[in-house]
Amino acid sequence: MVESGRVLTDYHVHLRPDTLDATPDRYFTPANADNYRTVATERGIAELGVSEHIYRFSDALRIWDNPMWREYARDDVDDYCAYVREQTDLKLGIEADFVPGREDRIATFLEAREWDYVVGSIHFVGDAALDDEEYDIWGTGQSADKVWSTYFEWLGELARTGMYDILAHPDLVKHWGGRRPSPEGDLRRFYARAIDGIAESGIAIEVSTAGLRKPVGELYPSAAFLEMCLDAGCPVALSSDAHTPEQLGFGYDEALAYLADLGVTELATFDHRERRLEPIGARA
Ligand SMILES: [Zn+2]
Ligand SMILES: [Zn+2]
């Protein structure tokens, strides 16, 4: 029997920047993985995995062929899996966008490979993006209430599919902070749209420090949203959404204080899609 230790995790991690010149021959190397492992160890993060964007892989075009994906979908997903399994000691994950109406195709893609975990995210609401200026949703004439309502409804649908282990950056819709419109008043009326699906699924809720690096300058998700998820019985998954080794564990002091304030004492860990809860460790 394996004894439970105290752990810090970083699972929602990318091996490279989100640029087209970041090709597998440059980044899917044993040396790059070693750099990630070394920095993680220095920072007290023992549970380390990677989760490349699904849309970097050519097979993703079978799921959805929007213009942005068509531009980025170049790599072979099975080469990525083989690299992580055979040339690194990292856990194997993927960040898979939820595209409503394409659930069967997403399932086919995911079921064909043996992941340690699948991170589910929503970056696009319809054809427009929440966090990408080139495809910006905030110029399409939709009200902030409409965008937020749809986004949180879809988060609930994502969870309900059961295809994902971790709900990524769960209020990404706030990405731009004051630089874009946002709804007035108590935001829990939007969060509530996601909660039934989240509660039914028991999906792990990601606390992501990426928001601290983004215009909003806050952790994802807001405390009010996380409290609703905790009340629904969901565990927490902690990640940085790093795109370089230097970003591993970014902002974890703030995240750990936030979790302690909310009474969270355990983190979800994953192995071949089996979840365990482990006591939260300390930063090195
Ligand atoms: Zn993401
Ligand atoms: Zn990511």
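As the structure lists them, so they are numbered: ligands from 1, and atoms in each ligand from 1.
Defined by atom type and a distance below 3.5 Å, a donor-acceptor pair is missing between the side-chain atoms of D241 and S208. Side-chain contact, E95 with H169: a donor N or O sits under 3.5 Å from an acceptor N or O. For the residue pair Y164 / S121, no side-chain donor-acceptor distance below 3.5 Å is found, with atom types taken as modelled.
Pairs passing the salt bridge (Lys or Arg N to Asp or Glu O under 4.0 Å) check and including a residue from residues 115-128, sequence neighbours excluded, read R85-D116.
Protein N/O/S atoms closer than 2.8 Å to the Zn ion (ligand 1): E95 OE2, H123 NE2, H169 NE2.
The aromatic rings of Y55 and H123 stand perpendicular to each other, their planes meeting at an angle above 60°, with 30° marking the opposite boundary.
The pair R113-D78 meets the salt-bridge criterion, since a charged nitrogen lies less than 4.0 angstrom from a carboxylate oxygen.
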